2 protein chains.
Amino acid sequence: MTAVDGDRPAGRRRRVTSADVARAAGVSRATVSYVLNDVPNRNISQATRELVRSTAKRLGHMPYAPARALRSGRTNLVLALVPGFGIGFLFDKALDALNTALAARGYALLVHHHAEALRSITDLWGLVSPALVVTTGGLSADERAAVEYSEARLVDVDGIVSFPRIGRMQAEYLLSKGHRRLGFAMPGDPHLQVFADSRLSGVRQVCAEAGLPEPVVEVVDFERADVRPAVASWRDRPEPVTAVCAHNDDVALVLMAGLETMGLRAGVDLDVIGVDNVPIAAIGVTTVAIDIDALAGVVVDSVLAELDDRPAPDRDGEFLHLVVRRSA
Amino acid sequence: MTAVDGDRPAGRRRRVTSADVARAAGVSRATVSYVLNDVPNRNISQATRELVRSTAKRLGHMPYAPARALRSGRTNLVLALVPGFGIGFLFDKALDALNTALAARGYALLVHHHAEALRSITDLWGLVSPALVVTTGGLSADERAAVEYSEARLVDVDGIVSFPRIGRMQAEYLLSKGHRRLGFAMPGDPHLQVFADSRLSGVRQVCAEAGLPEPVVEVVDFERADVRPAVASWRDRPEPVTAVCAHNDDVALVLMAGLETMGLRAGVDLDVIGVDNVPIAAIGVTTVAIDIDALAGVVVDSVLAELDDRPAPDRDGEFLHLVVRRSA
DNA sequence: CTGTTAGCGCGTTCAC
DNA sequence: GTGAACGCGCTAACAG
C-alpha cells in the first residue's frame with residue numbers, strides 16, 4: 001500500500017478549468033471547448049488548435065465530468081448493478097465484453113454492487129447518474145420503478161439465459177438416467193440466492209411434472225467445505241436422494257470434493273450435475289454448459305440497441321448444452 | 001432480456017428538478033434543498049418539511065448527481081480501477097467489504113475495468129470524476145501521474161500483500177522439501193500477467209539466492225485445459241523440473257486435473273503449490289493462504305483514512321500462511 | 001423562528 | 001473566432 005499525496009500539504013490542488021486554458025492561450029472558452037471536443041463545422045485555424053491543445057496539456061487540464069454532464073443533460077455512463085462481486089465466470093466475461101464495446105463508443109461501464117438494504121436507488125442517483133442501467137433481475141419492484149421513472153434506460157439481462165431452463169435441463173437429464181429422488185445444492189453466498197432460487201424453480205417444475213416429490217434443498221457452503229450435513233440429509237432418509245443438481249460447477253466441485261473425503265464418489269454413490277462448464281469442470285463434472293461468447297454478444301447487442309434507440313435484438317438463441325462427464 | 005421502456009414514445013421523460021418540487025409545493029428552491037438534505041440549523045416548520053418531502057416523492061424527484069457535484073466541487077464516488085473482472089476470490093471479497101464500508105459513509109464504490117489501450121485517464125475523467133481512486137498497481141507511470149495530478153486521491157493496494165513474498169514462500173517451501181529444479185505456471189489470462197510476474201519474481205529471487213537455475217515458466221491456460229505441452233516442457237529435459245509454483249489455486253487445479261488425465265499425480269510425479277486457499281483447494285492443493293478478512297480490513301482502513309485525511313494505517317500485517325495438503 | 005433571493009461552479013452551444 | 005446564457009443544486013446573506 002502506497003499513500004500517494006505528492007506535495008499537497010493542506011489545501012489540495014485547485015482544478016484546472018477550461019477557462020484557465022482559455023486565459024493562458026489567449027482565446028475564448030468557446031474556442032477551447034470546440035477544439036478539445038473536435039466539434040465539426042467550426043472553422044478554427046490549425047495554429048489555434050495546436051495552441052489550445054498544447055496549453056491544455058501543459059496546464060494538465062482534465063474535463064470535469066459533472067459540469068459536462070450538467071450542461072449536456074446526459075452522461076456517458078452505463079451502470080451495471082450486480083448483486084455482489086465475483087458473481088461468476090460467465091458474468092465476468094460478459095462484463096468484460098460490454099466494457100470493451102462501450103469504450104469504443106465513448107461510454108464507460110461502471111459496476112456497482114447495489115443492495116437495497118444499503119442504499120435506495122434515489123440516493124444512488126444523487127451520487128451517480130447513468131444513461132443506462134444493466135441489471136440481472138436483482139431489483140425489487142420499487143427499485144425497477146425508480147429506475148424506469150428516472151431518465152436512465154434499463155436493460156435487464158435476466159432471462160437471456162433462462163435460469164429455470166437450466167434447472168430443467170439438469171433435472172431432465174437426471175430423470176432420464178432413472179433417478180427418482182433429486183436434491184438441490186444451494187450456494188452459501190447470500191448474493192447468489194436469487195439466481196439459485198431461479199434455477200431451483202426449474203428443477204421443481206420437472207419434478208412436479210413427473211409426479212415426483214419436491215427436490216430436497218441443502219446448502220453447500222462454498223466457504224467452509226463441510227458438506228457432511230447436506231450429504232447426510234440427502235442419503236439418510238427412507239427414500240434417499242440419488243442425484244443432486246448443484247447451483248453451479250463451483251458448488252458441484254465442493255460437493256464432489258466433500259464426498260471424496262467421506263469415502264464416497266460422485267457418479268457412483270451420488271450423481272452430481274453442475275452449471276457453467278468452468279475450466280476446472282474438465283476434471284469430471286457433468287454440467288450444463290453456457291456458450292459464453294454468444295451470451296456476451298447478446299448482452300452487448302441489447303445494451304447498444306437501447307443506447308441507439310433501436311429495438312432490442314432477438315434474444316432467442318440457444319446457449320445451453322449438456323456436457324456429460326463422470327459425475328452424473 | 002426485457003427491454004423496459006414504459007410509455008416513452010419518442011421524447012424521453014423530462015427530469016424532475018428541485019425547482020419543480022419547489023414550484024409544486026409553493027416554496028423556494030432553497031427550502032427544498034434544506035429539507036431534502038436535512039441541513040442543520042435551519043428552522044423550517046415540520047409542516048413545510050412534510051410538504052416538501054411528500055411533493056418530492058409525488059413528483060418522483062431524484063437529485064441529479066452532476067448538478068450536485070458541480071456545485072459542491074466534489075463527488076462521493078470511489079472508483080476502483082481493476083485490470084479485469086473476476087480477478088480473483090480475494091479481490092472480490094475486499095471489494096465487497098469496501099462497498100459496504102463506503103455505503104455507510106455516503107460514498108458509492110464503482111468498479112471500472114480500465115485499460116490504457118482503450119481510453120486514457122484524462123478521457124475517463126471526462127466521464128466520471130471520482131473523489132478517490134483505488135488501484136492494484138496496474139497503472140502505468142503516465143496514468144499514475146494523471147491521477148495524482150487530478151483532484152482525486154489515490155490509494156494503491158498493491159503491496160498490502162506482497163506478491164513477491166508469496167512467490168518466495170512457495171519456492172522456499174519447495175526447496176525445503178529438497179526440490180532443486182522449479183517451474184512456474186503462468187495463467188493464460190493477460191489481465192493477470194502483472195500479478196503473475198510479481199509472484200514469479202519472488203520465486204526467481206529464491207532460486208537465485210540458492211544458486212539454482214531460473215524457474216522454468218510455462219503457461220497453463222485456464223480456458224483450454226490442455227496442459228500437456230507445459231508438463232512436457234517441465235519433465236522432458238536433462239534436469240527435469242520436479243515442483244511447480246502455480247500463480248494461484250485455479251491454475252494449480254487446472255494443472256492437477258491435467259496431470260491426472262495424463263496418468264500422473266500431483267504430489268507424486270510433480271509437486272504443485274498454489275496461492276489463495278480457495279474453497280475447492282480443500283480437495284488437496286498445497287497452497288499459500290491469504291487471510292481474507294484481515295486483508296479486506298486493511299484495504300477498507302486505507303481508503304477511509306485517505307478520505308478522512310488521516311495518515312495511512314499500518315499495513316505491516318502478516319496475512320500469509322502455508323497450508324500443506326497432498327499436492328506438494 | 002421561517003423562509004427567500006441570488007449567485008456560483010464549469011463546460012457547452014446559440015447567435016453574432 | 002467571441003459573448004453570454006444555460007443546466008441544477010447548494011448555501012451565504014438577508015427579510016419578514
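Only heavy atoms go into these numbers, but all of them, side chains included; no hydrogens, no water, no symmetry mates. From a predicted model like this one, the values you see are computed outputs, not experimental measurements. Residue numbers start from 1 in every chain, and the chains themselves are labelled A, B, ... in the order their sequence lines are given, proteins ahead of strands.
Side-chain N or O atoms of A:N37 include none that pairs as donor or acceptor with a backbone N or O of A:V39 at under 3.5 Å. Not a single donor-acceptor pair under 3.5 Å links the side chain of B:R15 to the backbone N or O of B:M62. Side chain of B:S120 to main chain of B:E116: no donor-acceptor pair is present (N/O by atom type, distance under 3.5 Å, no hydrogens or angles). A donor-acceptor contact shorter than 3.5 Å links the side chain of A:Y149 to the backbone of B:L59.
Each end of the helix from C:dC1-D:dG16 to C:dC16-D:dG1 yields a helix axis from five base pairs, and these two axes differ in direction by 50° (to the nearest 10 degrees).
With a cutoff of under 4.0 Å to any heavy atom of chain B, the contacted region of DNA chain C is bounded 5' to 3' by C:dC1 to C:dC10.
Here A:S28 does not reach the OP1 or OP2 of D:dG3: none of its side-chain N or O atoms lies under 4.0 Å away.
At a cut-off of 3.5 angstrom, counting only N and O atoms as typed in the model, there is no donor on one side facing an acceptor on the other between the side-chain of B:R71 and the base of D:dC8. On a pure distance criterion of 3.5 Å, a polar donor-acceptor pair joins the side chain of A:R42 and the base of D:dG1.
Which of D:dC8, D:dG9, D:dT11 sits closest to the side chain of B:R68 comes down to D:dG9.
Counting non-hydrogen atoms under 4.0 angstrom, A:L70 reaches a base of the nucleic acid. Contact annotation for B:V27: backbone-only contact, meaning every heavy-atom pair under 4.0 Å involves sugar-phosphate atoms and none involves a base. Heavy atoms of A:T17 sit under 4.0 angstrom from primed sugar atoms or phosphate atoms, though from no base atom. Counting non-hydrogen atoms under 4.0 angstrom, B:R29 reaches a base of the nucleic acid. Within the nucleic acid shown, B:T31 comes within 4.0 Å of at least one base atom, counting heavy atoms only.
As a whole-Å value, the separation of A:Y64 OH from D:dG9 P is 15 Å.
Identified under the ring-ring contact (aromatic ring centres under 6.0 Å, His included) test for residues 52-86 of chain B, with sequence neighbours left out: B:F85-B:H113.
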